[in-house]
Amino acid sequence: MQETLLTANSPRHENAFQVVQSYFQLTKPRIILLLLITTAGGMWIAAEGQVSPFLLMVTLVSGAFAAGSANTINCLYDRDIDYIMERTRHRPLPSGRVQPMHALSFAIVLATISFTLLTVFANLLSACLAMSGIVFYVLIYTHWLKRHSTQNIVIGGAAGAIPPLVGWAAVTGDLSWAAWVLFAIIFMWTPPHFWALAMMIREDYAKVGVPMLPVIEGNEPTSRQIFYYTLALIPVTLLLVYPLHVMGAVYAAISLFLGSVFVQKAWKLMQTPADLQVARSVFKYSILYLMLLCAGMGLDSLPATRQLTLAMTENWNTWISSLPPIGF
């Protein structure tokens, strides 16, 4: 009898799981993970390594809901081209697993929860920044730029650069120069990251008429742009060390090492723009780069790291001052 009941109920449980899975897929969780890492990095620096666990949790959950809302609306808007492109044809909307009105309602609920949580438990500034990210991603990138300009990723990258501002504002209630440098880091990182992906799936974008840079200009000019942006990214990351002095030697060393590897990979792609395996390597490393750079921010912000760095600096200065003067 028990086995009969379990057998009879299992399809219902499976269907319920599939529904939840479909709505979860609408939010593009892999993209959200990177956004949350940058949010946490902003919070960690703003709090000087001593962020409230509760505030961290609330901000990350709210950020996930806001990003999920924006991504859901993006899926809703792009369902026509998603149906044509092979890699996106099986997404919940083009496959018919989720109805458009249900997806829109889901996005509105996610945005409402995000705004409420941030307003109540953080502050209004962080809540408004999260909502501005949704508006920018939907109206500026998805609606205006994506299908009309080769600079879609460059300008649209501002939407993906807002999460660290949300994290910073959640901790401090304002936006300092350091917060805007975090914004600039993500802004500069986005073109090399996404253009490498666009080179890999260039034919898909060409099929649906999306004017990604590799489609319109080709792989060779795109690889040059990837290299230039990657090269420019390094000095931007070091602005946190000088002149802002919010990061120290540990972060500087990590930033330089990660940046040098990134530039090396971008240089190799520029030499062999037709090699999609090299483009894949740049794309994968760009994800690792951002994760490790944010980890470096967190490590450098820890009080123990700051004390160690300060002690090493004092010992170095003491040793230098003890050296005999050099005569000429």
Side-chain angles (χ1 to χ4, degrees), residues 27-72 74 110-138 141 156-190 193-194 233 236-237 240 246-247 251 254-255 286-302:
T27 65
K28 301 182 181 179
R30 286 184 295 181
I31 295 177
I32 290 178
L33 178 61
L34 275 178
L35 299 178
L36 295 185
I37 289 174
T38 63
T39 303
M43 296 184 73
W44 209 261
I45 297 176
E48 297 182 351
Q50 301 184 63
V51 62
S52 161
F54 178 75
L55 182 61
L56 177 65
M57 180 189 68
V58 168
T59 306
L60 293 182
V61 169
S62 302
F65 284 173
S69 174
N71 289 335
T72 298
N74 174 264
L110 289 178
T112 302
I113 294 174
S114 174
F115 183 82
T116 303
L117 287 175
L118 285 171
T119 302
V120 173
F121 296 107
N123 50 63
L124 184 59
L125 176 59
S126 61
C128 290
L129 284 169
M131 295 305 102
S132 71
I134 297 176
V135 172
F136 196 98
Y137 186 69
V138 171
Y141 171 69
I162 289 177
L165 297 184
V166 174
W168 190 284
V171 172
T172 65
D174 59 21
L175 294 176
S176 69
W177 280 111
W180 288 109
V181 168
L182 291 175
F183 176 93
I185 289 172
I186 309 303
F187 185 83
M188 297 295 292
W189 167 88
T190 301
H193 166 71
F194 203 95
L233 178 61
V236 174
T237 62
L240 293 173
V246 295
M247 290 282 98
Y251 165 81
I254 292 173
S255 174
S286 68
I287 298 173
L288 181 64
Y289 169 87
L290 189 60
M291 295 173 64
L292 293 180
L293 188 70
C294 289
M297 294 176 188
L299 178 63
D300 192 277
S301 299
L302 292 174

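Side chains are part of it too, since the values below use all heavy atoms of this structure and drop only hydrogens, waters and symmetry mates. Keep in mind it's a predicted model, so treat the numbers as computed, not measured.
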Which heavy atom of [X] sits nearest a heavy atom of [Y], and at what distance?
| X | Y | value |
| --- | --- | --- |
| G68 | T72 | O-OG1, 2.7 Å |
| M131 | S114 | CE-OG, 3.8 Å |
| L125 | G173 | CD2-O, 3.4 Å |
| T119 | A127 | OG1-CB, 3.3 Å |
| L118 | S126 | CD1-O, 3.7 Å |
| A178 | L240 | O-CD2, 3.9 Å |

Next on the checklist: What verdict does the side chain to side chain contact (heavy atoms under 4.5 Å, CB included) test give for Y289 and L233, after you've listed the backbone C-alpha separation in whole Å, the side-chain angles of each residue and the deciding distance to 0.1 Å?
Outcome noted: CA-CA 11 Å; Y289 169 87; L233 178 61; 3.5 Å; yes
When the side chains of residues 290-302 are checked against the rest of the protein, which donor-acceptor pairs come out under 3.5 Å, sequence neighbours left out?
{"unit_1": "D300", "atom_1": "OD1", "unit_2": "G248", "atom_2": "N", "d": "2.8"}
{"unit_1": "D300", "atom_1": "OD1", "unit_2": "R306", "atom_2": "NE", "d": "3.3"}
{"unit_1": "D300", "atom_1": "OD2", "unit_2": "G248", "atom_2": "N", "d": "3.2"}
{"unit_1": "D300", "atom_1": "OD2", "unit_2": "V250", "atom_2": "N", "d": "3.3"}
{"unit_1": "D300", "atom_1": "OD2", "unit_2": "Y251", "atom_2": "N", "d": "2.9"}
{"unit_1": "S301", "atom_1": "OG", "unit_2": "M297", "atom_2": "O", "d": "2.7"}

What distance separates [X] [atom1] from [Y] [atom2], expressed to the nearest 0.5 Å?
| X | Y | atom1 | atom2 | answer |
| --- | --- | --- | --- | --- |
| M57 | L117 | CE | CG | 9.0 Å |
| L124 | F115 | CG | CZ | 5.5 Å |
| L60 | L33 | CG | CG | 10.5 Å |
| I134 | L110 | CD1 | CG | 8.5 Å |
| I186 | H193 | CD1 | NE2 | 10.5 Å |
| N71 | I31 | CG | CD1 | 5.0 Å |

Next on the checklist: Let's go through T59 and V51 carefully: what are the C-alpha distance in whole Å and the side-chain angles of both, what is the deciding distance for side chain to side chain contact (heavy atoms under 4.5 Å, CB included) to 0.1 Å, and is it a yes or a no?
Outcome noted: CA-CA 11 Å; T59 306; V51 62; over 6 Å; no
Next on the checklist: Between L129 and L175, is there a side-chain heavy-atom distance shorter than 4.5 Å?
Outcome noted: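 Yes - at least one pair of side-chain heavy atoms lies under 4.5 Å apart.
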Next on the checklist: Using a 3.5 Å distance criterion without hydrogens, assess whether the side chain of T38 forms a donor-acceptor pair with backbone atoms of L35.
Outcome noted: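 Answer holds: yes.
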Checklist entry - Can you list every pair that meets ring-ring contact (aromatic ring centres under 6.0 Å, His included) and has a residue in residues 27-72, with sequence neighbours left out? => result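 Listed by first then second residue: F54-F121.
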Next on the checklist: Once you measure the plane-to-plane angle for F187 and F183, does it fall in the parallel (<30°), tilted (30-60°) or perpendicular (>60°) bin?
Outcome noted: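 The arrangement is parallel - the two ring planes meet at less than 30°.
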Could you give the side-chain donor-acceptor pairs of residues 158-172 under 3.5 Å, partners two or more places apart or in another chain?
{"unit_1": "W168", "atom_1": "NE1", "unit_2": "T172", "atom_2": "OG1", "d": "3.4"}
{"unit_1": "T172", "atom_1": "OG1", "unit_2": "W168", "atom_2": "O", "d": "3.0"}
{"unit_1": "T172", "atom_1": "OG1", "unit_2": "D174", "atom_2": "N", "d": "3.2"}
{"unit_1": "T172", "atom_1": "OG1", "unit_2": "D174", "atom_2": "O", "d": "2.9"}
{"unit_1": "T172", "atom_1": "OG1", "unit_2": "D174", "atom_2": "OD1", "d": "2.8"}

